[in-house]
Amino acid sequence: MHPKICSQSTCLNHPSYLNHSRPSPAALHHRRHTVTLIRCSSYQPPPKTLASSNPQPVLQSLKAFAPATVANLGPGFDFLGCAVDGLGDTVTVRVDPTVSPGTVAISSIDGIGSASKKLSCNPLWNCAGIAAIAVMRMIGVRSVGISLSLDKGLPLGSGLGSSAASAAAAAAGVNALFGMPLSEMDLVLAGLESEAKVSGHHADNIAPAIMGGFVLIRSYHPLDVMPLRFPSDRDLFFVLVSPEFEAPTKKMRAALPKQVGMKDHVANCSQAGTLVAAVLQGDARMLGAALSSDGIVEPTRMPLIPGMAAVKKAALEAGAFGCTISGAGPTAVAVTDDEKRGREIGERMAEAFWEEGKLKALASVRSLDRVGARVIGGNSS
């Protein structure tokens with residue numbers, strides 16, 4: 001498929017967020033069985049610009065990647081999510097002399113599925129563009145213009161955090177282009193601006209896409225984000241089965257119940273707490289059982305995805321520890337601690353999608369992405 005060539009740009013005229021120190025990935029990933037609390041005073045409005053405003057780029061171009069994410073994880077609707085490896089979006093960020101200083105342009109969109117046809121080239125209506133604009137504003141860039149080239153590795157409406165991956169890669173890329181003055185929390189805030197405009201004000205995709213691993217959103221006002229460390233010496237695999245069916249997040253959110261009974265509320269809270277404990281203890285079996293026990297959101301969304309009930313049944317019968325809808329769907333996610341068994345589980349799930357839902361589906365087995373958004377290449381000339 002030929003990429004979409006774009007030419008629109010937008011300027012930045014707003015104040016930025018305060019800077020926060022950024023821990024190194026090594027320091028983050030060696031802390032096992034711990035919970036870290038990251039606080040931000042508010043989502044909006046931004047308080048003031050950084051002291052080192054209008055920085056100069058340290059590179060002329062770079063590529064940044066952000067992983068796919070599984071949001072909700074069953075009972076953790078809008079407050080739990082994790083990143084999975086090997087799938088995601090790539091954004092190339094360039095200092096572009098043809099773009100007016102202080103502005104962002106999207107030069108091209110390429111990738112799998114219908115992304116290049118459906119996504120807007122207007123940075124004000126594109127996930128990557130909105131996040132890039134927010135980062136430029138936060139660090140006060142006014143001297144150069146930048147262009148973005150978006151390569152979509154995730155299909156739209158897949159339930160794998162497609163919009164968040166684009167936003168996270170763009171935010172991380174722009175930040176790195178100017179010497180990484182912003183913290184992970186700043187980048188989450190930038191990405192949250194994008195999510196709020198495109199799919200809703202929820203951080204359970206963008207936070208793990210930026211930070212990697214499992215993430216708990218303790219609060220939105222103010223925003224408290226807690227990375228949850230799954231022990232590195234324990235095996236955990238996600239079986240992702242994506243049917244040829246698009247489930248737009250806004251449509252799937254519209255199907256949610258307006259009221260929840262106390263009994264269901266207590267049950268879901270119990271399972272969400274169990275899931276967090278399972279992550280910290282590295283207990284894949286307990287994690288799967290909790291993930292599979294959502295009694296509020298999954299029952300309302302499952303009928304909207306052809307064959308999903310049969311897919312979950314097939315996963316459990318094939319030996320999965322648990323299975324649920326990934327994000328808003330239609331991707332189904334199952335959990336196991338054995339990669340070979342995961343492939344067998346995926347085959348049975350894909351067969352169920354076809355037999356019961358008449359949907360072709362692709363299955364893959366992925367591990368936890370512990371890094372999140374990162375630079376994968378740069379050019380200083």
key: Contact check, side chains of Val279 and Leu80, non-hydrogen atoms, under 4.5 Å   = no
task = Take the angle between the ring planes of His221 and His201 and call it parallel below 30°, perpendicular above 60°, tilted in between.
result = parallel
Side-chain donor or acceptor of Asn126 paired with backbone N/O of Ser120 under 3.5 Å = yes
message = Assess, by modelled atom type and distance only, whether the side chains of Thr331 and Ser158 contain a donor and an acceptor separated by less than 3.5 Å.
response = no
task = Side-chain contact test, heavy atoms from C-beta onward, threshold under 4.5 Å: evaluate it for Leu368 versus Phe238 and give yes or no.
result = yes
request  = Among Arg366, Arg374, Arg370, find the residue that satisfies the side-chain contact (heavy atoms from CB on, under 4.5 Å) test when tested with Pro67.
outcome  = Arg374
inquiry  = Does any part of the side chain of Leu359, heavy atoms only, come nearer than 4.5 Å to the side chain of Glu244, both counted from C-beta?
reply    = no
message = When you compare the side chain of Met308 with that of Met349, does any pair of heavy atoms fall below 4.5 Å?
response = no
ask   = Donor-acceptor pair, Thr300 side chain versus Val297 backbone, under 3.5 Å?
value = yes
inquiry  = Can you confirm whether more than 12 heavy atoms, excluding those of Leu362, are under 6.0 Å from its CG atom?
reply    = no
query = Checking Thr103 side chain against Gly145 main chain: does a donor-acceptor pair fall under 3.5 Å?
reply = no
task = Check whether any side-chain heavy atom of Leu192 lies under 4.5 Å from a side-chain heavy atom of Leu223, and answer yes or no.
result = yes
query = Does the Asp264 side chain pair with the main chain of Ile296, one donor and one acceptor, at a distance under 3.5 Å?
reply = no
ask   = Any donor-acceptor pair under 3.5 Å linking the side chain of Asn268 with the backbone of Gly295?
value = yes
request  = Go through the steps for Glu193 and Lys197 under the test side chain to side chain contact (heavy atoms under 4.5 Å, CB included), then give the verdict.
outcome  = CA-CA 6 Å; Glu193 289 191 31; Lys197 192 165 188 179; over 6 Å; no
request  = Return yes if some donor-acceptor pair links the side-chain N/O of Lys313 with the main-chain N/O of Ala352 below 3.5 Å, else return no.
outcome  = no
request  = Check whether any side-chain heavy atom of Arg348 sits under 4.5 Å from a side-chain heavy atom of Glu317, and report yes or no.
outcome  = no
key: Path from Leu240 to Phe237 over hydrophobic side-chain contacts below 4.5 Å   = no
inquiry  = Test your reading of the model: is there a side-chain donor-acceptor pair from Asp85 to the backbone of Ser367, 3.5 Å cut-off?
reply    = yes
ask   = With distance as the sole test, does Asn72 use its side chain to make a donor-acceptor pair with the main-chain N or O of Asp78 at under 3.5 Å?
value = yes
request  = Find out whether Glu184 and Val225 are in side-chain contact, i.e. whether some heavy atom of one side chain is under 4.5 Å from a heavy atom of the other.
outcome  = no
query = Would you say the side chain of Glu298 lies within less than 4.5 Å of the side chain of Phe77, judging by non-hydrogen atoms?
reply = no
key: Any donor-acceptor N/O pair, Asp89 side chain to Leu154 backbone, under 3.5 Å   = yes
key: Test item: Thr69 side-chain N/O and Ala71 main-chain N/O as donor-acceptor pair under 3.5 Å   = no
ask   = Should we say atom NZ of Lys312 is surrounded by more than 12 heavy atoms from elsewhere, each under 6.0 Å from it?
value = yes
